[in-house]
Amino acid sequence: MSNTTATITLHGNSTELPVRKGTIGPDVVEIGPLYKNTNSFTYDPGFTSTASCESKITYIDGDEGVLLHRGYPIEQLAEQGDFLDTCYLLLYGELPTKTQKADFDYRVTRHTMVHEQMAKFFTGFRRDAHPMAIMVGCVGAMSAFYHDSTDITDPHQRMVASIRLLAKMPTLAAMAYKYHVGQPFVYPKNDLDLASNFLRMCFAVPCEEYKVNPVLARAMDRIFILHADHEQNASTSTVRLAGSSGANPFACIAAGIACLWGPAHGGANEAALNMLAEIGSVDRIPEYVAKAKDKNDPFRLMGFGHRVYKNYDPRARIMQKTTHEVLGELGIKDDPLLDVAMELENIALTDEYFIEKKLYPNIDFYSGITLKALGFPTEMFTVLFAVARTIGWVAQWKEMVEDPAQKIGRPRQLYTGHAQRDFVPLAKRK
Ligand code: SDX
């Protein structure tokens, strides 16, 4: 604990606020006593300068383009480990030993099936329902099936719920895809790793054997690693806020899925691919760059910019490399969308506007091209993001529930509405 303090002087009164140092990154000013001492709130819509919690899980240095999970750089996790390593690391805080990994793999694998009654939910949706709408509904409904892991005060139930969510999200996502394309559901197979199982549940059909392509499975696994967790982003903050009321973990993750869906957040991967398709060819890029710079035009370059990264998103670099690997493996020589994406990146990175505003490609810029090449429709892109981010949401939710200092999240406001006034009977209203 540092003995540094920050002094705030307001209406002639001064108050000393404690300053806390993290392991790395900016200090924080503990403003808890502010209201009691000064009768004033802080005001920070969008939380641009606000730390909502203390966490040991993920650290981002936006200026340097650094992303660490429990201290390990994302580049090393993505190149040298697999998604199960990252899941274990986020949940337990350390990389698993061989025995721990085998046990974790066994536990996750044996929770991949969903209750058979859940299949009946799907027939209630239209076939053209957006798969994210289906995921919000089905994941929230998990609390109707898994009552024995909703008591958040029980560490065993918290862990069972965490494993169930990690294991069943790929199955539900694959079911949402199969329902969307009108094909029969495919059950998980226990002898496949998570990414291979997921690809098989999505793309296998009863009429022929499905052979997992190891290069594509490795690419899928790496895409899951890249999307696993990302500090206190909007959907993770949603999960934490929902969890702070004591809501069950399935309801909290459903809330996170709903928030991720927005085009400013996880929905950007779907929006970025649609944008690349709308631009269509390299010669139309200048027109769209001009629109993105026009203050009167709401259009933004989807997949560009970030609240924290004011440098290249390290995940986008790895994603771009994965895109080339997948296109190469599939023999896709020239993908017009990739041509547009790479030329758009070149133009944007040398454009004054983007340089001045420090706008770089983020993880959503290249992911859509890769996911489309893997065979997914654009509507599934954010679902895949949700499948991967579930481990991050669950790890952050667990950390929040287990934090002795945690209390229900209840922000205040700057009120600019009417002062008190008297009711006007209908007959007297003008
Ligand atoms: C994700 O938080 C996370 O960690 C999220 C995420 C995760 O892993 O959880 O990383 C995943 O959500 C990545 C971001 C995906 N979203 C998009 O790609 C959508 C396009 N990007 C923007 O909407 C925007 O950049 C945000 C929402 C990502 C960040 O917005 P901020 O931090 O609120 O920044 P801002 O909107 O205040 O923009 C600052 C300036 C503005 O101009 P001025 O008002 O200062 O003149 O930059 C401009 C913006 O107009 N700007 C853009 C732009 N992004 C910002 N201009 C054109 N195109 C863009 N993409």
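Read the numbers this way: they start at 1 and go in the same order the structure lists the ligands and their atoms. Residue numbers run from 1 in the order of the sequence given.
Ligand 1 lies nowhere less than 4.0 angstrom from a heavy atom belonging to Lys293. Ligand 1 has at least one atom lying under 4.0 Å from a heavy atom of Pro263. The closest approach between a heavy atom of Arg315 and any atom of ligand 1 is below 4.0 Å.
In terms of protein heavy-atom proximity, atom 60 (N) of ligand 1 is closest to Leu301 O, 2.8 Å. Of all protein heavy atoms, the one lying nearest to atom 6 (C) of ligand 1 is His306 NE2, 3.6 Å. Protein heavy atom in closest approach to atom 57 (C) of ligand 1: Ala292 O, 3.7 Å. For atom 22 (C) of ligand 1, the nearest non-hydrogen atom of the protein is Arg300 NH1, 3.4 Å. Nearest to atom 48 (C) of ligand 1 among the protein's heavy atoms is Tyr353 OH, 3.5 Å. The single protein non-hydrogen atom nearest to atom 14 (C) of ligand 1 is Asn362 ND2, 3.6 Å, given as residue, atom name and distance. For atom 12 (O) of ligand 1, the nearest non-hydrogen atom of the protein is His265 ND1, 2.9 Å. Ranking protein heavy atoms by distance to atom 52 (C) of ligand 1, first place goes to Leu359 CD1, 3.5 Å.
Residue nearest to atom 27 (C) of ligand 1, selected from Ala388, Ala316, Ala264: Ala264 (by heavy-atom distance).
No N or O atom of Ala268 sits closer than 3.5 Å to an N or O atom of ligand 1. The shortest N/O to N/O separation between Arg307 and ligand 1 falls below 3.5 Å. Geometrically, ligand 1 and Phe304 share a nitrogen or oxygen pair separated by less than 3.5 Å. Residue-to-ligand polar distances keep Asp364 apart from ligand 1: every N/O pair is separated by 3.5 Å or more. The shortest N/O to N/O separation between His230 and ligand 1 falls below 3.5 Å.
Looking only at distances, a side-chain donor or acceptor of Gln157 sits under 3.5 Å from a matching main-chain atom of Thr150. The main-chain N or O of Lys56 is found under 3.5 Å from a side-chain atom of Glu399 such that the two form a donor-acceptor pair. Panel note: side chain Arg284, backbone Glu278; a donor-acceptor pair is recorded below 3.5 Å.
Near Met302, the atoms of ligand 1 lying under 4.0 angstrom from a non-hydrogen atom of the residue are 18 (O), 19 (C). Atoms of ligand 1 found under 4.0 Å from any heavy atom of Lys295, numbered from 1 in the order shown, are 42 (O), 43 (P), 44 (O), 46 (O), 50 (O). If you number the atoms of ligand 1 from 1 as listed, the ones under 4.0 Å from a heavy atom of Arg389 come out as 7 (C), 8 (O), 9 (O). Each of the atoms 40 (C), 42 (O), 43 (P), 45 (O), 46 (O), 47 (O), 48 (C) of ligand 1 lies under 4.0 Å from some heavy atom of Lys357. Counting atoms of ligand 1 from 1 in the listed order, those under 4.0 Å from a heavy atom of Gly303 are 17 (C), 18 (O).
In terms of heavy-atom proximity, Phe104 sits nearest to Cys87 at CE2-CB, 3.9 Å. Across all non-hydrogen atoms, the minimal contact from Asn248 to Ile152 is CA-CG2, 4.4 Å. Thr238 and Ala255 make their closest contact through CG2-O, 3.6 Å (heavy atoms, listed as atom of the first residue, atom of the second, distance). Taking all atoms of both residues into account, the shortest heavy-atom contact from Cys202 to Tyr177 is O-CE2, 3.2 Å.
Shown here, atom 39 (C) of ligand 1 is out of close reach of the protein: none of its heavy atoms lies under 4.0 Å off. Checking atom 54 (N) of ligand 1 against the protein gives a heavy-atom contact under 4.0 Å. In this structure, atom 33 (O) of ligand 1 is in close contact with the protein, since a protein heavy atom lies within 4.0 Å of it.
Heavy atoms from other residues, nucleotides or ligands lying under 6.0 Å from CZ of Arg126 number 12 at most. Atom NZ of Lys372 has 12 or fewer neighbouring heavy atoms from other residues, nucleotides or ligands inside a 6.0 Å radius. Counted within 6.0 Å of OH on Tyr106, heavy atoms from surrounding residues, nucleotides or ligands total 12 or fewer; the atom is thus considered open.
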**Item:** Steps toward side chain to side chain donor-acceptor pair (under 3.5 Å) verdict (Glu345, Gln320)
**Value:** CA-CA 11 Å; Glu345 177 184 346; Gln320 194 190 56; 3.2 Å; yes

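When His230, Arg389, Arg240 are each tested for a side-chain hydrogen bond (donor to acceptor under 3.5 Å, both in side chains) with Gln396, only one passes: Arg240.
Under a cutoff of 6.0 Å and an axis angle of 45°, Arg222 and Phe83 do not form a cation-pi pair.
The ring of Phe365 has its center closer than 6.0 angstrom to the ring center of Phe304. Taking the six-membered ring for Trp and the full ring otherwise, the centers of Tyr288 and Phe299 sit less than 6.0 Å from each other.
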